[in-house]
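Working notes for the structure below.
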Amino acid sequence: MTAKKIPRKSVDRLRFKEFLTVAGQNMEAAADNMKSDLWTPAGILIVHSSIAYTDALTIKAAGVRSSGEHHAMAVDLVAQVLELKREDQNALAHFRRIIGEKARVAYGGKAYPESRVKRMWTNLERYRKWVEEKLEQLQ
């Protein structure tokens, strides 16, 4: 079976650090918004943080990042550029859950509920930990 063609953009591998920095900054800003009960902007920042973590990972692994319209394609790109084990699929599920909330939190037209943002945050924390472990394993 042929792998799906994921739209991608070439990026110098050393730039993964920039994306990792942005991911951390977005995560920190999301935490600040949560402390201020600003749930919708916190949710948006969680989405952007998870995307930047994913970009950092694929850039370091293969010098590419997803350039598709749908951020869910980035999950497929991770699977294409890394040799994944069964337990890695659980980590990617955290990213899928966050991306699944993207349209609702960013374009829903109403305040996003605290309970959903807190679930997104938990997924982000778990996903970040996995990404950082994978980045350390890459040469």
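- Here the side chain of D88 pairs a donor or acceptor atom with the backbone of K85 at under 3.5 angstrom.
- Note on L20: it clusters hydrophobically with F95, by side-chain heavy-atom contacts below 4.5 Å among ILVMFWY residues.
- Annotation: side chain of I46 is not in contact with side chain of N123 (no heavy-atom distance under 4.5 Å).
- Here the side chains of I51 and I99 are in contact, with some heavy-atom distance below 4.5 Å.
- A 4.5 Å side-chain heavy-atom check between Q25 and T21 finds at least one atom pair inside the cut-off.
- In this structure, R8 CZ and L77 CG are separated by 5.0 Å, a value rounded to the nearest 0.5 Å.
- With hydrophobic clusters built from ILVMFWY side chains whose heavy atoms lie under 4.5 angstrom apart, I59 shares a cluster with Y53.
- In terms of heavy-atom proximity, A56 sits nearest to F16 at O-CB, 3.3 Å.
- The cluster map of Ile, Leu, Val, Met, Phe, Trp and Tyr, joined by side-chain heavy atoms under 4.5 Å apart, puts M73 and V11 in the same cluster.
- No chain of hydrophobic side-chain contacts below 4.5 Å, direct or via other Ile, Leu, Val, Met, Phe, Trp or Tyr residues, connects L38 to I44.
- With rounding to the nearest 0.5 Å, the separation of CH2 in W130 from CG in L135 is 9.0 Å.
- The distance from the NZ atom of K60 to the CD atom of E136 is 8.0 Å, given to the nearest 0.5 Å.
- For G43 against V117, the heavy-atom pair with the smallest separation is N-CG1, 4.2 Å.
- Rounded to the nearest 0.5 angstrom, R116 CZ and M120 CE are separated by 9.0 Å.
- For E125, the CD atom sits in a packed shell: over 12 heavy atoms of surrounding residues, nucleotides or ligands are nearer than 6.0 Å.
- Here the side chain of T58 pairs a donor or acceptor atom with the backbone of V64 at under 3.5 angstrom.
- For the residue pair S49 and N26, the shortest heavy atom distance occurs at CB-CB, 3.7 Å.
- Residues L92 and L82 fall within the same hydrophobic cluster, defined by Ile, Leu, Val, Met, Phe, Trp and Tyr side chains chained together at heavy-atom separations under 4.5 Å.
- Contact of the R128 side chain with the H94 side chain is not registered, since no non-hydrogen atoms from C-beta on lie closer than 4.5 Å.
- Considering NZ of K9 and OG of S67, their distance stands at 8.5 Å, rounded to 0.5 Å.
- Residues I6 and S66 come closest through the heavy atom pair CG2-OG, 4.2 Å.
- Within a 6.0 Å radius of CD in E87, more than 12 heavy atoms belonging to other residues, nucleotides or ligands are found.
- Y127 contributes atom OH, which lies 2.5 Å from atom OG1 of T54 (distance to the nearest 0.5 angstrom).
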